[in-house]
Amino acid sequence: MGKEVIPAGQSATIAILFIIGTSLFMGVAGQSGNSSWISIIIAVVLAVPLMLVYARLHTLFPGKGLYDMLLSIFGGVFGRLACCLYIWYSLHLGCMVLRNFGEFSKTVALTSTPMLAPMLIIGLLCVWVVNAGIEVLGRSAKFLLLFCIAVTFLVQILSVPKYDYHHMLPLLERGWGAVWTDVIGTFTFPFAEIVIMTGAFGAFPNKGSARRVLLSSLLIAGVIIIAVSLRNLLVLGPDIVSSLYFPSYVAVGRINIGDFLTRIEGSSAIVFVTALFVKVSLCLYVASCGVAKVFKLESYRSVVLQLGLIMVYMAEFIYRDITEMQYFGYHIYKIYALPFQVILPAVLWISAEIVAARKRKRTAAEG
Amino acid sequence: MVIYTVLLYAVVALLDPYGLLKRGKKRDFFVCAALYLISFSLAFALAMQWDIPSPSPPIVHFVKQLL
């Protein structure tokens, strides 16, 4: 089978849907109350250097994915160990996203249906698309992003009559401390989660594309998340937003246009399902590629079904309840995810720069 | 539920790991079979409604220790 290549545009759409995936419905860390939008802006700015590091890795290792980079820099043993860490992280992230969807359907949509059923359906859909290849995921994402943006924009416009601008004041009510706490939370979830995308760098077309893809997707996803967070804040107010598990769902439920267009939150939930489908699929793809690299398999497709099923089952028992999910997502995850998102890529980048500099010196000496 | 799980997994075994063996992908077959066993064990435990230890508490404990 030939090498898979996804054009830059499609990679960007995957990245955008990956970033906005859960945040659209779960919201972002909200300790800073009505100043949460400031923390999102700061988190986007802080994520820019990280994106440049990821893009630089792509330039240093053109045509190679994260696992190839780890193996070529850290060697067989340590490289495989690092690969296993990333396999775990992508599998775990996929589980967490699936569980968010499971809790969402259990809490608001399909209250009498066992949580496993909707998670299994989405999980099998992800297995299908990953088996079909990352190119299929790219093409699906391109269409789905347009749909997501259209729905989000429409809902945004329809929410305007419900805006109460008093919710914005007083600015920085809880101080800069709460804002910085939120910055770390928002930085790790969702912006720096894009580290998973480095696992698919092997399918990127050329040297310069990663920087363009990552920066543009960060910017677009950042704008969407800020717009949605502001809408939730203006419609519901900071206290209600921080007390809800799915603030967007409630905010959209408040839309009432002339007693005619009401209760459209169910329709807007499609956006959530669409975005999480892309996010889980990418996590599954990266985990499968990792297993294939570590065990030197002929194709990552050999393990997609089993890894997908494990992901779905793990999502079922990963948390006891929605409270534990919320606690893990907003308090523990920001510390747990940092080594995968910042520390390991930074070590990899510095090591790769040293290796590249030595190679350049050797070539110059020979020349 | 348990019977359905076992029957479903019998079909999955024929399609997935055995299919790889038939195509001569030995290494892929072994890895897939190992993952199949893990996946089947989890599905069986869930069907039996056994308590499966979650990975979250150790992570929470570790992060709390770290801070």
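All chains are named by letter (A, B, ...) in the order of the sequence lines, taking the proteins before the strands, and each is independently numbered beginning at 1. Values reported hereafter were calculated over all heavy atoms of this structure, with side chains retained and with hydrogens, waters and symmetry mates removed.
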Do other residues, nucleotides or ligands put more than 12 heavy atoms under 6.0 Å from the OH atom of B:Tyr18?
no
Answer yes or no: is there an ion pair linking A:Glu316 with A:Arg99, defined by an N-O contact shorter than 4.0 Å?
no
Can you say whether B:Leu66 sits under 4.5 Å from chain A via the side chain, the backbone, both, or neither, judging by heavy atoms?
side chain
Per-residue contact mode, B:Val63 against chain A (heavy atom under 4.5 angstrom):
side chain
So for A:Phe295, is it side chain, backbone, both, or neither that comes closer than 4.5 Å to the heavy atoms of chain B?
both
Tell me whether the count of non-hydrogen atoms from other residues, nucleotides or ligands lying under 6.0 Å of CG in A:Asp321 goes above 12.
yes
Please flag which part of B:Asp16 lies under 4.5 Å from any non-hydrogen atom of chain A: side chain, backbone, both or neither.
side chain
Region of B:Leu20 that comes under 4.5 Å of a non-hydrogen atom in chain A
side chain
A:Tyr333 versus chain B, heavy atoms under 4.5 Å apart: side chain, backbone, both or neither?
neither
Any side-chain donor-acceptor pair under 3.5 Å between A:Thr111 and A:Lys106?
no
Return yes if a side-chain donor-acceptor contact under 3.5 Å exists between A:Gln341 and A:Tyr89, otherwise no.
yes
Please report the closest heavy-atom contact between A:Glu4 and A:Glu135, naming both atoms and the distance.
CA-OE2, 3.7 Å
When the 4.5 angstrom heavy-atom criterion is applied to A:His331 and chain B, the contacting part is neither
Side chain, backbone, both or neither: which part of A:Val312 has a heavy atom under 4.5 Å from chain B?
neither
